[in-house]
K.L.:
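The structure under discussion is supplied below as structure tokens; questions concerning it will follow.
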2 protein chains.
Amino acid sequence: MSISRREEVLHAAAELFAEQGFHAVGMRAIADAVGVRGSSLYHYFPSKVDLLHAIAVDSTRAFIESQLEDLNPSPDYASRVRKMMFDHVVYFHEHRMEEAVGLRELQELRKHKPEAYTELQTLRRTYQNELERLITEGRDKGEFSCEDPHITTLAILGMVNTINDWYRPHRDGPIEDIADIYSSLIVERMLGKTA
Amino acid sequence: MSISRREEVLHAAAELFAEQGFHAVGMRAIADAVGVRGSSLYHYFPSKVDLLHAIAVDSTRAFIESQLEDLNPSPDYASRVRKMMFDHVVYFHEHRMEEAVGLRELQELRKHKPEAYTELQTLRRTYQNELERLITEGRDKGEFSCEDPHITTLAILGMVNTINDWYRPHRDGPIEDIADIYSSLIVERMLGKTA
DNA sequence: TTCGAAATCTAACGAACGTTCGACCGACTC
DNA sequence: GAGTCGGTCGAACGTTCGTTAGATTTCGAA
């Protein structure tokens, strides 16, 4: 039994889309990757765009929910931001294929599935707002010396979302080490955590 | 006479590639954008991939050269890094179409024009090395308190290269203001400029 | 005014694309 | 053993793709 064929298709398509881009991958190539004929894919997804939709929305929602569910524990903002960023880096590496698709093929959904596009934008905005809120409140409480929480939030997200562009496990060591360095860079330096 | 038709094609193709991606744009669509038939494009470029090649290599080389030519003037490293980052942000905004193509369609060149791909990688690496060198030497001279110049360099480049993903002039104000905020964030905070 | 090259055109090629359709096959129920 | 149904198949559809070939136009130089 293992995993269902539908999930097998989703994973293979995510991998191919991430490597070559949505338009560079044909339905027959996806089908080949799971050992099936092209027409069989239409038993699980009504169209190629719906396949992209499933990959992007599912993976983005999974990320946001896994990240926002346990924010409460720590009392101080510095620890909360640090944990959030550490988990972000690790999660993005473990799910790098799906997340790459969610980041790169947005305009394709915007064209052919506007409601899926706005849903993704809303999800992403929710996460961004949460990070910006933590930074702003942490600064108001005197934990951070950050000057512009909004721009700083965007800068941070740009940093962590591009790690997958250069990170190679064999060359750069465990992803947890990178996550540690980035977390410190963010909390102690960019946010100016008041010792 | 104005600009030559060849450059007109390059600019139109860069815009379309940036908006929709290499594979989503057909030769006929590029031709339409300049008011010409599809087959006429082959008078200037032998293939679609060569068109991409020209856009990516030309724009990347233009950026690197414009950035590396006047690094000498200032004596202290902090000012040099600050100017380099400020110019980087402004340049990336002014040439955002071409630079987006250079960043996003790398694997397409890798597939069909390996030598162009390695050329781009070398150019980019040159720039990255120069930034890392400034940071390392600045730290050795006691100007910075930065701990890991290599990772910090990658984090910085990830930050500045993703500004175009969210920046909208009407909503976010002059690009020079953003460039100022980012430059300060980089030099004073991430590199820990010793006041 | 004539000539030749540069630039653009029309028309078509074979291939690949996303998608549809109807048949088939195996496993399950009655 | 007959019937049902989810899953897969082969084959084809209309379209678009990148590209080519050859005719035609444009236009400055001789």
Side-chain angles (χ1 to χ4, degrees), chain A residues 1-56 101 104-114 116-117, chain B residues 1-56 101 104-114 116-117:
Chain A
M1 50 150 234
S2 68
I3 59 175
S4 78
R5 175 128 287 178
R6 186 175 188 275
E7 309 232 2
E8 209 179 341
V9 172
L10 276 174
H11 187 260
E15 200 151 336
L16 290 168
F17 287 165
E19 282 168 3
Q20 326 191 37
F22 177 71
H23 273 104
V25 179
M27 291 299 266
R28 288 165 180 89
I30 301 170
D32 279 354
V34 296
V36 146
R37 301 296 177 182
S39 53
S40 301
L41 300 181
Y42 289 85
H43 181 69
Y44 303 99
F45 304 96
S47 80
K48 192 188 179 190
V49 172
D50 284 280
L51 184 45
L52 174 62
H53 176 177
I55 295 170
V101 175
R104 283 184 51 198
E105 313 289 355
L106 266 183
Q107 83 289 347
E108 210 52 48
L109 280 183
R110 176 174 212 170
K111 226 180 187 174
H112 298 95
K113 282 250 179 180
Y117 173 75
Chain B
M1 51 150 247
S2 70
I3 59 175
S4 78
R5 174 129 288 177
R6 186 173 187 276
E7 310 231 3
E8 208 178 343
V9 172
L10 277 175
H11 187 259
E15 199 152 336
L16 289 168
F17 288 165
E19 283 169 1
Q20 324 189 39
F22 178 72
H23 273 104
V25 179
M27 292 297 265
R28 289 164 180 90
I30 301 170
D32 280 355
V34 296
V36 145
R37 300 295 178 183
S39 56
S40 301
L41 300 180
Y42 290 84
H43 181 70
Y44 302 99
F45 304 95
S47 80
K48 191 188 177 189
V49 173
D50 284 281
L51 184 44
L52 174 62
H53 177 176
I55 295 172
V101 175
R104 284 184 50 198
E105 314 288 356
L106 266 183
Q107 82 289 348
E108 211 52 50
L109 280 183
R110 175 173 213 171
K111 225 179 188 177
H112 297 94
K113 282 247 177 181
Y117 172 76

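The sequence lines fix the lettering, A, B, ..., with proteins before strands; numbering per chain opens at 1. The figures here come from the full heavy-atom set of this structure, side chains too, leaving out hydrogens, waters and symmetry mates.
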K.L.:
Quick check: closest heavy atoms across R104(B) and A18(B), and the distance to 0.1 Å?
P.N.:
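Between these two residues, the closest heavy atoms are NH1-O, 3.4 Å.
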K.L.:
Does a side-chain N or O of H43(B) approach OP1 or OP2 of dA7(C) to a distance below 4.0 Å, or not?
P.N.:
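Affirmative; the distance criterion is met.
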K.L.:
Answer yes when E8(B) and R5(B) have at least one side-chain N-carboxylate O distance shorter than 4.0 Å, and no when they do not.
P.N.:
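Answer for the salt bridge query: yes.
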K.L.:
Give the rounded distance in Å between these two atoms: CG of L41(B) and C1' of dT8(C).
P.N.:
11 Å
K.L.:
Please state how far atom CG in D32(B) lies from atom C1' in dC9(C), giving the value in whole angstrom units.
P.N.:
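About 14 Å, once rounded to whole Å.
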K.L.:
Taking all atoms of both residues into account, what is the closest heavy-atom pair of Y42(B) and S47(B), and its distance?
P.N.:
CE2-CA, 4.1 Å
K.L.:
Please determine whether a side-chain nitrogen or oxygen atom of S40(A) lies at a distance below 4.0 Å from atom OP1 or OP2 of dC9(D).
P.N.:
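Result: yes.
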K.L.:
Would you mind building the protein contact string for nucleotides 16-28 of chain C? One character per nucleotide, 5' to 3', B for base within reach (heavy atoms under 4.0 Å), S for sugar-phosphate only, - for untouched.
P.N.:
-BBBBB-------
K.L.:
Tell me, which pairs form a salt bridge (Lys or Arg N to Asp or Glu O under 4.0 Å) where one or both residues lie in residues 46-56 of chain B, sequence neighbours left out?
P.N.:
D50(B)-K113(B)
K.L.:
Whole Å only: how far is the CG atom of L51(B) from the P atom of dG18(D)?
P.N.:
11 Å
K.L.:
With heavy-atom distances below 4.5 Å as the criterion, would you say the side chains of V36(A) and I30(A) are in contact?
P.N.:
no
K.L.:
Measure from CD1 on I30(B) to P on dC17(D) and round the result to the nearest Å.
P.N.:
11 Å
K.L.:
Please report the distance, rounded to the nearest Å, between CZ in F45(B) and P in dA7(C).
P.N.:
12 Å
K.L.:
When we call it a touch if two heavy atoms are under 4.0 Å apart, what does R37(A) touch: a base, just sugar-phosphate, or nothing?
P.N.:
sugar-phosphate
K.L.:
Does anything in residues 16-31 of chain B pair up under salt bridge (Lys or Arg N to Asp or Glu O under 4.0 Å), and if so which pairs, sequence neighbours excluded?
P.N.:
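Sorted pair list comes back empty.
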